[in-house]
Amino acid sequence: MDGSGVDRPITRRRRATVSAGRGATLRPLDGGSAAACQSLATAARNSRDFVTKQNGLQAQSKTKSDKRKRRNEPGVAARLSCHQLQESLLSSGSGYSNYRGILNWCVVMLVLSNARLFLENLLKYGVLVDPIQVVSLFVKDPYSWPAACLVIVGSVFALSTYTILFLKLYSYKDVNRWCRELSTVKAKKLVRSLSCPTEHHMTGGNQQVCYPGNLTIRDLYYFALAPTLCYELNFPRSPGIRMSFLLRRLFEMLFFTQLLVGLTQQWMVPIIQSSMKPLEDMDLSRMMERLLRLAVPNHLLWLMFFYWFFHSSMNFTAELLQFGDRQFYNDWWNSETVTYFWQNWNIPVHKWCLRHFYKPLLRKGFSKIASQSAVFFLSAFFHEYLVSVPLRMFRLWAFMGMMAQLPLAWIVGRFLRGNYGNAAVWMSLIIGQPFAVLMYVHDYYVLHYRQETD
């Protein structure tokens with residue numbers, strides 16, 4: 001036999017041996033082994049049945065979920081539809097209110113338009129900013145233009161200082177008079193001037209001064225320098241001086257002072273000088289164009305002055321004196337009425353008028369309308385006083401502008417609400433101030449320079 005024939009029976013024998021061995025392993029050796037094998041076989045069958053049932057349950061649940069999805073799926077018409085009942089975003093009925101992109105667009109357009117005006121000013125007049133020239137003109141010839149502006153500004157500053165001192169001393173007199181009147185009737189508590197029963201009283205670890213212990217030179221000088229117009233026996237005090245806060249406010253004061261002088265030289269003075277001819281000729285169209293040209297730089301200067309004075313300067317003074325009440329202004333930029341603006345843009349003056357002028361008039365029997373009109377009249381008088389005396393002429397433009405706030409307040413409060421009222425307040429600020437500036441400059445020019453030319 002060849003090799004293939006010999007191998008064939010050997011392969012058969014090996015397969016038989018292997019099968020015999022497998023059978024031998026499954027064959028029980030005794031009774032106990034047979035029972036164990038039977039239990040193992042039963043457990044295996046039970047596990048296979050359990051797995052089969054689980055697979056069947058999963059298949060049934062998947063079938064049910066597929067049927068449920070098919071029921072919930074929209075019909076063919078709904079799947080093909082791409083329209084629904086809705087309003088346009090810019091419609092008032094849409095309820096849409098996220099206009100942040102439009103606000104950013106307005107800011108970008110404002111910056112670009114003012115950049116164009118600035119470039120046009122530079123191309124037409126060149127660089128006019130020169131602080132050294134201003135100082136030299138003031139020293140060499142203090143009565144020549146434009147040094148007259150410095151004289152006027154200096155006079156306004158001096159009169160403003162005297163006016164502030166007058167208002168402070170009036171409040172000082174009133175509060176001490178109230179303390180004296182109440183002490184004569186043996187009042188136990190004085191809420192109005194924050195007094196206390198004895199001259200020196202400890203409250204929360206701080207010594208509280210009481211009438212007449214407040215009548216000292218030191219107390220009077222502190223009140224004269226404090227950033228407030230209303231006197232109290234015990235002002236709220238801050239715990240200490242923050243040097244970083246103080247240096248920031250000082251830097252802002254120096255920066256905005258230089259910026260105000262530079263913008264006045266570069267932007268305001270050329271426009272005012274070019275406005276004299278239309279004002280002399282009474283060219284209404286040219287006058288309106290000059291008014292609108294002057295409105296933007298005048299308003300920017302006013303906003304910078306507000307920040308410089310009411311935020312930087314008054315916070316600097318309050319930090320030095322550890323004066324605790326820092327509410328020098330409120331959110332006047334959100335004013336929806338003229339009355340709200342005048343109550344919130346200058347808190348120290350508003351508190352003084354309310355405490356020492358408006359409420360005393362109400363207690364004397366005057367109506368609210370008459371008392372409000374008297375407050376506006378007093379404010380108009382001081383505005384005219386601070387302008388007419390330095391200019392040495394009496395024209396009543398500032399006085400009439402302040403008294404015009406009464407009918408404007410009634411119109412805005414009666415007919416304009418919300419954003420429309422806020423827009424009306426902004427419009428009065430942007431247009432009213434440059435109009436008064438042009439009128440005073442025209443009258444000053446006619447009174448002092450045209451007479452010399454004639």
Side-chain angles (χ1 to χ4, degrees), residues 153-185 187 190-196 199-200 207-238 309-310 313-329 342-343 345-364 366 371-390 398-399 402:
V153 170
S155 302
V156 171
F157 177 77
L159 288 177
S160 301
T161 303
Y162 290 136
T163 303
I164 290 172
L165 286 176
F166 168 76
L167 297 177
K168 283 175 174 284
L169 292 176
Y170 190 92
S171 177
Y172 186 81
K173 180 265 301 182
D174 266 0
V175 172
N176 284 286
R177 179 172 57 85
W178 297 334
C179 293
R180 185 172 62 255
E181 290 175 355
L182 289 175
S183 63
T184 56
V185 294
L190 182 59
V191 178
R192 194 172 192 179
S193 60
L194 301 182
S195 186
C196 44
E199 292 188 9
H200 299 284
Q207 185 175 2
Q208 300 292 316
V209 179
C210 305
Y211 184 84
N214 64 304
L215 300 177
T216 61
I217 297 297
R218 180 179 179 179
D219 183 79
L220 181 60
Y221 272 106
Y222 181 86
F223 173 57
L225 296 175
T228 181
L229 297 177
C230 294
Y231 177 71
E232 288 183 4
L233 274 69
N234 298 283
F235 291 105
R237 305 294 291 270
S238 58
F309 184 76
F310 286 97
S313 301
M314 298 189 77
N315 271 290
F316 179 82
T317 307
E319 191 70 21
L320 275 180
L321 298 175
Q322 295 180 287
F323 186 79
D325 188 1
R326 308 293 176 88
Q327 192 184 26
F328 306 122
Y329 55 89
W342 289 109
Q343 290 174 350
W345 93 279
N346 190 342
I347 296 296
V349 171
H350 171 67
K351 285 182 177 179
W352 189 94
C353 292
L354 189 68
R355 186 191 196 192
H356 298 283
F357 196 71
Y358 179 76
K359 288 185 177 180
L361 288 178
L362 292 179
R363 286 193 294 269
K364 291 181 179 180
F366 290 92
S371 301
Q372 290 176 357
S373 302
V375 170
F376 273 100
F377 182 87
L378 181 67
S379 178
F381 167 78
F382 278 109
H383 277 78
E384 185 64 38
Y385 165 75
L386 293 175
V387 177
S388 296
V389 173
F399 182 85
M402 283 301 302

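Residues take their numbers from the sequence shown, with the count starting at 1. These numbers come from the heavy atoms of this one structure, side chains and all, not from hydrogens, waters or symmetry mates.
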* Heavy-atom side-chain contact between Leu225 and Leu321 under 4.5 Å -> yes
* Asked: Who are the ring pair (Phe, Tyr, Trp, His ring centres under 6.0 Å) partners of Phe223, not counting sequence neighbours?
  -> Tyr231
* Mind checking what makes ring pair (Phe, Tyr, Trp, His ring centres under 6.0 Å) contact with Tyr170, not counting sequence neighbours? -> Trp352
* Asked: Side-chain contact, heavy-atom cut-off 4.5 Å: Tyr358 with Ser371?
  -> yes
* Pairwise side-chain contact, Lys168 with Ile164, heavy-atom cut-off 4.5 Å (strictly under) -> yes
* Structure fact -> ring pair (Phe, Tyr, Trp, His ring centres under 6.0 Å) filter on Phe323, not counting sequence neighbours, yields Phe235
* **Asn315/Phe328 under side-chain contact (heavy atoms from CB on, under 4.5 Å): CA gap, chis, key distance, verdict** => CA-CA 9 Å; Asn315 271 290; Phe328 306 122; 4.0 Å; yes
* Asked: Atom CG of Leu167 and atom SG of Cys353: how far apart are they, to the nearest 0.5 Å?
  -> 8.0 Å
* Asked: Can you list every side-chain hydrogen bond (donor to acceptor under 3.5 Å, both in side chains) pair that touches residues 317-326, not counting sequence neighbours?
  -> Arg242-Glu319, Glu319-Arg326, Asp325-Lys351
Report, one line per pair, each donor and acceptor closer than 3.5 Å where one atom sits in a side chain of residues 372-383; sequence neighbours left out.
{"unit_1": "Ser373", "atom_1": "OG", "unit_2": "Ile369", "atom_2": "O", "d": "2.9"}
{"unit_1": "Ser379", "atom_1": "OG", "unit_2": "His383", "atom_2": "ND1", "d": "3.4"}
{"unit_1": "His383", "atom_1": "ND1", "unit_2": "Ser379", "atom_2": "O", "d": "2.7"}

* Asked: Does Arg355 reach the side chain of Lys359, with side-chain heavy atoms less than 4.5 Å apart?
  -> no
* Could you tell me which non-hydrogen atom of Ser171 sits nearest to which non-hydrogen atom of Cys230, and how far apart they are? => OG-CA, 3.4 Å
* Structure fact -> So CG of Leu182 and CZ of Arg177: to nearest 0.5 Å the spacing works out to 10.5 Å
* Is the closest side-chain heavy-atom distance between Asn214 and Asn176 below 4.5 Å? -> yes
* Taking atom OH of Tyr222 as the centre, report whether more than 12 heavy atoms of other residues, nucleotides or ligands fall under 6.0 Å from it. => yes
* Asked: Out of curiosity, Gln327 CD to Ile347 CD1, how far, rounded to the nearest 0.5 Å?
  -> 5.0 Å
* Asked: Residues in side-chain contact (heavy atoms from CB on, under 4.5 Å) with Leu159, at least two apart?
  -> Tyr385, Leu386, Val389, Pro390
* Are the side chains of Tyr211 and Arg180 in touch, meaning some heavy atoms are under 4.5 Å apart? -> yes
* Can you tell me how far the CG atom of Asn346 sits from the CZ atom of Phe309, to the nearest 0.5 Å? -> 7.5 Å
